[in-house]
Amino acid sequence: MRNVFRCALPLAVLACYAGAPAAHADVIRVATVVAENEADFTANAALVPTFVALLKKAPAVKASFSGTDAGKLTIVTTSVWPEESAIKSVTDTAEWKAAAGKLKYKTYTAEVLQLVP
């Protein structure tokens, strides 16, 4: 999937503003994993459905998106949440930590951005 970053973040922002009350600011979590080589990328890409399933099980998640970019050896998940504490209720679970522990990467970045109404 090309241009993962260009597509995932605007979609998440759009999902937040579609029906979100003006007084409430949601948060977006963007996690990017860049593999060292193609073998690591393939292993990471195989984990994307696991992360998607875990995000879909989360009762607080408002929207989630994922993608891969084989050319850049990158996978990304973007999710929209009502508040930062809701993210931790998923990422602090043993199930999430087990999946994340299987990632092979050169760089891993997880950012939480607050939307400003």
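Fair warning: this is a prediction, and the values are worked out from it, not measured in the lab.
Pairing each heavy atom of Val27 with each of Glu84, the nearest pair is CG2-N, 3.8 Å. Scanning both residues, Thr74 and Lys72, for their nearest heavy atoms gives OG1-O, 2.8 Å. The nearest pair of heavy atoms linking Pro82 to Ala60 is CD-O, 3.2 Å.
Residues Ile75 and Leu103 have side chains in contact (heavy-atom distance under 4.5 Å, counting atoms from C-beta outward). Counting heavy atoms from C-beta on, the side chains of Val90 and Val61 never come closer than 4.5 Å. Phe41 is not listed as a side-chain neighbour of Asp69, based on a closest heavy-atom distance of 4.5 Å or more. Side-chain contact between Arg29 and Thr91 is present, with heavy atoms from C-beta onward closer than 4.5 Å.
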- [ ] Report the C-alpha separation of Leu55 and Trp96 in whole Å, then their side-chain angles, then the decisive distance to 0.1 Å, and conclude whether the side chain to side chain contact (heavy atoms under 4.5 Å, CB included) test is met.
- [x] CA-CA 9 Å; Leu55 288 169; Trp96 184 275; 4.1 Å; yes

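In this structure, OG in Ser89 is found 8.5 Å from CD in Glu83, a value given to the nearest 0.5 Å. Here NZ of Lys88 is found 13.0 Å from OG1 of Thr93. Values are rounded to the nearest 0.5 Å. Interatomic distance, Tyr108 OH to Thr32 OG1, rounded to the nearest 0.5 Å: 9.0 Å. In this structure, the separation between CD on Glu95 and CZ on Phe51 is 11.0 Å, given to the nearest 0.5 Å. Interatomic distance, Leu115 CG to Ile28 CD1, rounded to the nearest 0.5 Å: 4.0 Å. Here CG of Leu47 is found 11.0 Å from OG1 of Thr42. Values are rounded to the nearest 0.5 Å.
Of the possible donor and acceptor atoms, one in the side chain of Asn44 sits under 3.5 Å from a partner among the backbone N and O of Lys104.
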